[in-house]
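Just below is one structure, and these are the notes that go with it.
Within every chain, numbering begins at 1; the chains are lettered A, B, ... in the order of the sequence lines, protein sequences first and strands thereafter.
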Amino acid sequence: MILFKLAWRNNWRHRWRSGLTAAAVVFGLSITIWGFCFTEGSHEQIIRNSVESFTGHVQVHRKGFHDDPSLRKVFYPDSQFVPELEGGVPGLANYSFRISTFGLASVGETSFAAMIVGIQPEREQEFIHWDRKIEQGRYLHPGDINGALVGADLAENLGIGIGDTVIIVTQDYYGSLCGALRVVRGTVRSHARELDRGGLLISLASAREMLSMQGMANTAVVMATGSEQVPQLISELDNRLGAGGLEVIGWRRIMPDIVQAVELDNVFGILTNLILLLVIGFTVLNTFLMSVMERIREFGIMRSLGASPGRVVGLIVVEAALLVGLGFVLANIVGIGASVYNSVHPLDFSEMGGDELSKFYGMDPRIYTRLTWQTLVYPNLFVAVVILLALIYPAWRAARISPAEAVSRRH
Amino acid sequence: MGIFIRIAWRNLWRNYSRSLIMIGGIGVGLFGLLVYYGISNGFINQLVEVSIELELGHVQVTRRGYYQHPVQSNSFTPANSLMERIESVHGVRAAAGRLSAAVLVNSAEKSNRVDLVGIDPEREGRVTSIRNMIAQGEYLGPGQDGKIVIGRKLAEHLGVGLGDKLVVMTQDSENELQSRLFRVGGIFETNSPLWEKTAAFITLRSMRKLLGRPLQLTAILVRAEREKSLEPIVAGIDSLVTGEGSALEVFEWKEVSPLLAQSIEMFDFFVWVFYLIIYLAMAFGVVNIMLMVVLDRTRELGVMRAIGTTPGQVMTMVLLEAALLGVAGIIVGGGAAWLLNGYLAANGLDLGRWADGMEFMGLGSVIYPRIEPLEWLVSFLSAEAAVIVSSIWPAWRSAGIEPVRAIQFE
């Protein structure tokens with residue numbers, strides 16, 4: 001207890017120095033916490049936009065389709081997929097079937113190559129919520145075999161409007177040229193990059209007819225009840241469907257590019273924050289080294305009165321803990337406060353002219369911060385490590401003080 | 001003045017561990033800033049280079065509205081000798097016409113959407129660097145109208161090699177579907193995976209035949225002698241084309257690619273924020289140390305004041321000490337950054353582990369950091385300014401010392 005009293009008083013002896021050191025810790029740590037919450041929020045948004053608005057948590061294909069897609073690699077949902085799921089699968093929320101291929105589409109004088117996706121409008125509405133993603137026009141009505149939806153950026157670039165007729169030309173299941181006319185019912189803004197920039201959605205029935213693929217599909221899109229359930233869902237589906245020649249793939253494998261981009265961004269985020277924290281570390285190191293150096297005589301007297309080197313080091317550590325601890329508490333209050341604020345009031349990059357950029361990355365230009373236990377624990381851990389490193393030398397220096405020499409030394 | 005520099009210099013070494021810590025703090029901060037800046041700048045330069053070198057040239061001439069609506073029907077027929085007249089504009093090195101369209105390319109097993117570009121091989125060679133990117137086979141020669149040049153990634157995706165057949169499907173000027181057979185004559189490799197996957201080239205003559213647009217172009221790409229001053233060139237070409245009352249417009253690359261312009265803007269913003277944060281973090285350390293310096297020497301400074309040193313001179317001396325520390329920190333941090341940056345600029349920073357992620361951002365996986373001489377200078381000067389500004393308050397306090405009280409201070 002006396003240790004705490006001593007330590008507290010020592011910190012007060014140099015009010016300015018102690019205050020500045022604590023302030024430096026508050027500055028570095030609160031910025032790091034907010035920064036982590038910001039990156040986490042933007043990453044989560046990119047991934048969620050992609051998963052929830054197009055790819056789903058899990059996809060099922062015929063084995064080999066994922067690595068080397070081809071229209072010939074199909075499966076029959078009614079015999080190969082649906083019966084295997086009987087009795088319910090834990091963690092599975094919903095699923096639907098798709099056929100996707102590439103083709104040439106033309107509207108008026110304009111022709112463009114498009115990713116053509118046949119979807120089950122009613123089923124996908126339940127979990128992709130397409131109607132919320134309609135920018136202009138309307139969603140596909142049930143049984144609308146002649147309708148099509150176009151990605152919003154594609155529509156904008158090519159000047160496609162509601163009610164325009166699209167001529168689709170592509171290769172069918174047997175490899176021969178086929179064509180069809182569809183009418184644009186609406187445009188889609190999903191924030192999934194590939195869809196907004198090049199997608200043409202028609203109904204599955206319509207795609208089957210055009211491509212001579214009655215009863216077939218090449219993709220099953222599966223939604224889990226929550227993102228935590230995904231790994232378990234993958235292995236469960238794999239157990240049931242693997243033997244039938246189907247392959248089950250999670251979102252991490254469906255979009256390795258996004259997963260890696262996020263990882264790389266995290267690496268850079270950590271490195272830049274580390275630089276900040278190292279600079280702060282030097283301030284801390286300076287404060288404690290000075291506080292040891294100017295008290296060599298004092299520590300010498302403590303030692304000659306019978307205090308062990310451990311006790312001297314203990315005093316330094318408690319002093320540091322009191323000072324830095326105060327910094328930690330304040331930093332967490334500020335950092336968490338700012339993050340929570342921005343999780344409700346997002347940063348709007350469209351005001352800074354970042355709308356093309358956010359479109360490119362498939363994001364909403366408004367970025368919400370996201371506070372998780374990781375964005376809280378890691379910054380605190382980093383700062384704690386940096387401060388411990390900064391304490392090693394001053395503590396070692398204090399422990400080495402020999403009483404006789406120190407007491408005889410003139411300050 | 002000389003004496004104050006000498007005093008400041010000596011004072012620096014009186015408590016050398018404190019000085020070393022401050023130098024360390026400034027050095028680490030500046031080192032981090034510069035390395036970060038170099039790498040981010042390397043990212044941006046790669047984006048800019050790929051865009052200019054392969055896609056946009058420095059300046060483009062298109063029909064009005066082409067970039068809002070980039071379709072083949074938005075093409076134009078250039079006036080006679082327009083190319084030569086553009087090339088005679090001061091500062092222009094070369095110009096080349098292109099006719100582009102989005103097409104579907106089919107191999108025996110697969111098809112893919114491709115931006116097919118018809119080029120005048122000889123002129124294009126002087127404007128963009130596609131010619132130098134050919135890794136296998138050859139660049140298009142005059143009269144090689146049956147050849148197509150594609151990117152490595154597209155070739156892999158379509159499962160084709162040199163000499164293999166590809167069918168190009170598109171609409172022509174009459175809205176009729178056309179398909180024509182080409183043989184792969186060359187495969188190019190670039191630092192832009194996205195581009196390698198989506199671009200392909202045939203001769204301008206066969207593109208015009210395919211689209212049924214015998215004289216048209218969708219764009220004229222212009223290469224400038226110098227990248228920096230493009231405005232006079234834009235103005236020069238503008239006066240050429242508007243003089244004819246035609247429906248053409250002239251842009252520099254920045255206007256054509258808002259994504260690129262925004263990436264640069266965003267990069268500048270983040271760099272600015274990072275500099276600000278690091279300088280503030282440094283300021284805590286500098287204020288802390290300089291306050292200690294002043295406090296330690298209260299008695300001494302009081303004596304100086306008593307024997308006639310003015311408050312301004314005391315303040316100058318303290319600021320000089322901080323300035324010297326700043327210079328030392330800059331030498332240490334700047335020097336280390338110089339070495340690392342130089343090494344990475346020569347050997348490249350290989351981020352191959354994240355190749356797919358880099359591709360998502362439109363980048364190749366090897367980054368070459370770059371810092372211009374002026375940018376080094378600005379970083380050094382701003383760091384020094386940050387150090388001096390941070391020590392104004394401690395210096396101000398030192399000037400306020402009252403001699404009588406200070407001398408009694410223990």
Side-chain angles (χ1 to χ4, degrees), chain A residues 16-17 20-21 23-24 27-28 31 69-70 102-104 106 108-115 157-159 169-171 179 198 256-265 267-268 271-272 274-276 278-283 285-287 289-290 293 349 352-357 359-361, chain B residues 15 17-18 21-22 24-26 28-29 31-33 36 39 68-73 101-104 106 109-114 169-171 175 177 258-259 261-263 265-266 269 274 277-278 280-282 284-285 287-289 291-292 295 351 353-362:
Chain A
W16 276 114
R17 189 167 73 192
L20 275 168
T21 309
F27 178 77
I31 283 185
S70 145
F102 284 92
L104 196 70
S106 9
E109 296 204 341
T110 306
S111 71
F112 53 96
M115 175 178 71
N157 288 340
L158 299 176
V169 178
T170 183
Q171 283 173 310
D257 50 348
I258 298 184
V259 171
Q260 277 192 10
V262 161
E263 202 179 290
L264 188 64
D265 196 41
V267 170
F268 274 95
L271 287 180
T272 46
L274 212 58
I275 294 164
L276 169 64
L278 278 177
V279 175
I280 302 289
F282 274 95
T283 301
L285 167 64
N286 178 57
T287 296
L289 189 59
M290 288 310 112
M293 299 305 273
F349 280 88
M352 294 175 43
D355 44 339
E356 285 292 325
L357 204 60
K359 254 189 220 168
F360 177 76
Y361 285 106
Chain B
N15 194 331
S17 59
R18 188 159 67 193
I21 290 171
M22 179 153 155
I26 297 170
V28 165
F31 171 78
L33 279 177
Y36 170 81
I39 292 173
Q68 284 79 51
H69 201 52
V71 294
Q72 45 158 313
S73 55
V103 305
L104 203 64
N106 305 297
E109 32 191 305
K110 275 189 205 147
S111 57
N112 211 54
R113 158 186 208 287
V114 166
M169 264 167 54
T170 185
Q171 239 179 348
N175 292 335
L177 196 70
L259 175 68
Q262 283 183 14
S263 303
E265 226 169 86
M266 205 54 82
F269 174 72
F274 191 45
I277 289 175
I278 294 293
L280 277 171
M282 278 185 193
F284 280 106
V287 172
N288 193 14
I289 287 189
L291 264 184
M292 281 188 227
L295 229 68
L351 300 173
R353 212 178 107 78
W354 293 285
D356 287 342
M358 298 288 282
E359 186 179 334
F360 178 72
M361 299 186 263

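- Each of B:Met292, B:Glu359, B:Met358 has some count of heavy-atom pairs under 4.5 Å with chain A, and the biggest count is that of B:Met292.
- When each of A:Val169, A:Leu264, A:Leu278 is scored by its heavy-atom pairs under 4.5 Å with chain B, the top score falls to A:Leu264.
- The distance from atom CZ of B:Arg353 to atom CD of A:Gln260, rounded to the nearest 0.5 Å, is 8.0 Å.
- Ranked by heavy-atom pairs under 4.5 Å with chain B, the list A:Leu276, A:Leu289, A:Leu274 is led by A:Leu276.
- Rounding to the nearest 0.5 angstrom, the gap separating the CE atom in B:Met22 from the CD1 atom in B:Ile289 is 5.5 Å.
- Expressed to the nearest 0.5 Å, how far OG1 of A:Thr272 lies from CZ of A:Phe268 amounts to 9.0 Å.
- Neither the backbone nor the side chain of A:Val262 has a heavy atom closer than 4.5 Å to any heavy atom of chain B.
- Listed options B:Gly32, B:Gly29, B:Gly285, B:Gly24 were ranked by heavy-atom pairs under 4.5 angstrom with chain A; first place goes to B:Gly24.
- Of the two parts of B:Phe31, neither the backbone nor the side chain holds a non-hydrogen atom closer than 4.5 Å to a non-hydrogen atom of chain A.
- Ranked by heavy-atom pairs under 4.5 Å with chain A, the first of B:Leu33, B:Leu280, B:Ile26, B:Asn112 is B:Leu280.
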Item to check | Step-by-step side chain to side chain contact (heavy atoms under 4.5 Å, CB included) determination, B:Trp354 to A:Val267 | outcome: CA-CA 11 Å; B:Trp354 293 285; A:Val267 170; 3.9 Å; yes
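- Among the candidates A:Ile275, A:Asp257, A:Thr170, the residue making the largest number of heavy-atom pairs closer than 4.5 Å to chain B is A:Asp257.
- Within the 3.5 Å criterion, the main-chain N or O of A:Thr21 finds no donor-acceptor partner in the side chain of A:Thr283.
- Of the residues considered (A:Gly103, A:Ala114, A:Gly179, A:Ser70), A:Gly103 shows the highest number of contacts with chain B, using heavy-atom pairs under 4.5 Å.
- Nearest approach of B:Ser111 to B:Asn106, heavy atoms of both residues: CB-OD1, 2.7 Å.
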Item to check | Worked check of side chain to side chain contact (heavy atoms under 4.5 Å, CB included) between B:Gln171 and A:Leu104 | outcome: CA-CA 9 Å; B:Gln171 239 179 348; A:Leu104 196 70; 5.5 Å; no
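- Interface remark: of the candidates B:Leu104, B:Val28, B:Asn288, B:Val71, B:Asn288 forms the most heavy-atom pairs closer than 4.5 Å to chain A.
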